[in-house]
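Notes follow the structure.
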There are 2 protein chains.
Amino acid sequence: MKIGELSRVTGTNIETIRYYERIGLLPAPDRTAANYRSYGDAHRSRLSFVRHSRELGFTIEEIRSLLDLSDDPARDCGEADRIATAHLEQVEAKIAQLGLLRDELTRIVGRCRGGVAADCRVIEALGDHSRCGSQH
Amino acid sequence: MKIGELSRVTGTNIETIRYYERIGLLPAPDRTAANYRSYGDAHRSRLSFVRHSRELGFTIEEIRSLLDLSDDPARDCGEADRIATAHLEQVEAKIAQLGLLRDELTRIVGRCRGGVAADCRVIEALGDHSRCGSQH
DNA sequence: ATGCACCCTGTAGCAACTACAGGGTCAAGC
DNA sequence: GCTTGACCCTGTAGTTGCTACAGGGTGCAT
């Protein structure tokens, strides 16, 4: 299949597919006589792997490591688990951090009583960290 | 005060301060005879406002709008409240999305039973979106 | 006078794309 | 047989919010 179809079946921007090839995440496919990229099923499933991992928030470098692992079926699987576990911990940390942020934003918004900016509690609160309940 | 001191009192990287000046978020300060930037208290509090807002996740453009508001004390405060409320909604959406991600990562990790990559459940799960419980 | 901390400008790099500009290819319809 | 339009190509530059130099100047103490 050509790049447009691969783009449609994987829900990936065409430019992004070429970008992944450029950075070596996807192997360069064969070309047609007209120099068009020609993809097979292996490309499709590799790209799906990449997209799914990206949606889960893995970085390109993490995905590279995971792909290296899956390219070498004899290697130890524990590494994949370590990468995923570390990533899960990061996600949990991010959730906790955003929770604090939400609390503070909640404290800040809704204080507006329709006055002018000079009396604005929102602007005041943004300028003054000292009243924050938490460190961020 | 010179840029190094402003950097210390606000906890901002020197390069970042110059960057904010370049993009017009901070006004260009006076210069000493030796062409060193010389800041006053107004700069300090404006930079604190910017840093606090960035820590709360506001974008540079949102901060620019908030600063425009606070620079013009006669303007309607409702705009500041709208920006902050919209941002709060984004933070809440992000928390919800990360929650789904965490659930899925939790489902994926810890399945490793010490085998080889060919049998790796983690790698398998990453390649196969169809088993995900949620859309992401 | 020489070492060191500090300051300056300008440019390039990071992640992970996205968006052109400026061209080539191919099948369908007139 | 010629045009139209959808598709493809390469290469480069833009995005966000910084950060990191390179290559130089300044100010003060020893």
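Remember, predicted model here, so these are calculated numbers, not experimental data. Here is the naming used below: chain letters follow the sequence lines, and residue numbers restart at 1 for every chain.
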Need one value for [X]: base, sugar-phosphate or nothing, where a base atom within 4.0 Å counts as base even if backbone is also close, heavy atoms only.
X: B/Ile14; result: sugar-phosphate
X: B/Thr32; result: nothing
X: B/Ile3; result: sugar-phosphate
X: A/Arg51; result: sugar-phosphate
X: B/Phe58; result: nothing

(message) Are there over 12 heavy-atom neighbours, none belonging to B/Asp30, within less than 6.0 Å of that residue's CG?
(response)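 No, the 6.0 Å shell around CG holds no more than 12 heavy atoms from other groups.
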Of all the nucleotides listed ([options]), which has the minimum atom distance to the side chain of [X]?
X: B/Arg54; options: D/dC9, D/dG17, C/dT18; answer: D/dG17
X: A/Arg31; options: C/dA19, C/dC17, D/dC9; answer: D/dC9
X: A/Thr16; options: D/dA20, D/dC8, C/dT18; answer: C/dT18

(request) Check whether any side-chain nitrogen or oxygen of A/Arg18 sits under 4.0 Å from OP1 or OP2 of D/dC9, and answer yes or no. (result) yes
(message) If you compare every side-chain N and O of A/Tyr20 against the phosphate oxygens of C/dC17 (OP1, OP2), does one of them come in below 4.0 Å?
(response) yes
Are side-chain N/O atoms of [X] and [Y] paired as donor and acceptor at under 3.5 Å?
X: B/His43; Y: B/Glu21; result: no
X: A/His87; Y: A/Glu92; result: no
X: B/Arg54; Y: B/Tyr20; result: no

How many whole angstroms separate atom [atom1] of [X] from atom [atom2] of [N]?
X: B/Asn13; N: C/dC6; atom1: CG; atom2: P; value: 14 Å
X: B/Ile23; N: D/dG17; atom1: CD1; atom2: P; value: 8 Å
X: B/Glu61; N: D/dG17; atom1: CD; atom2: P; value: 8 Å
X: B/Asp30; N: C/dC7; atom1: CG; atom2: C1'; value: 16 Å
X: A/Arg22; N: D/dT10; atom1: CZ; atom2: C1'; value: 10 Å
X: A/Lys2; N: D/dC9; atom1: NZ; atom2: C1'; value: 12 Å
X: A/Glu15; N: D/dT15; atom1: CD; atom2: P; value: 16 Å
X: A/Leu6; N: D/dC8; atom1: CG; atom2: C1'; value: 14 Å

(message) I need the minimum non-hydrogen distance between A/Pro29 and A/Ser38, along with the two atoms involved.
(response) CB-O, 3.4 Å
(message) Quick check: closest heavy atoms across A/Thr10 and A/Arg51, and the distance to 0.1 Å?
(response) O-CG, 4.4 Å
(message) Contact list please: residues 34-44 of chain B against DNA chain D, heavy atoms, distance less than 4.0 Å, in numerical order.
(response)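 When residues 34-44 of chain B is checked for heavy atoms under 4.0 Å from DNA chain D, the hits, listed by number, are B/Ala34, B/Tyr36.
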(request) Would you check if A/Glu124 and B/Phe49 make a side-chain contact, meaning some heavy-atom pair closer than 4.5 Å? (result) no
(request) Indicate, with yes or no, if B/Leu26 and B/Met1 share a hydrophobic cluster defined by side-chain heavy-atom contacts under 4.5 Å among Ile, Leu, Val, Met, Phe, Trp and Tyr. (result)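 Yes; tracing contacts between hydrophobic side chains, which count when under 4.5 Å, links both residues.
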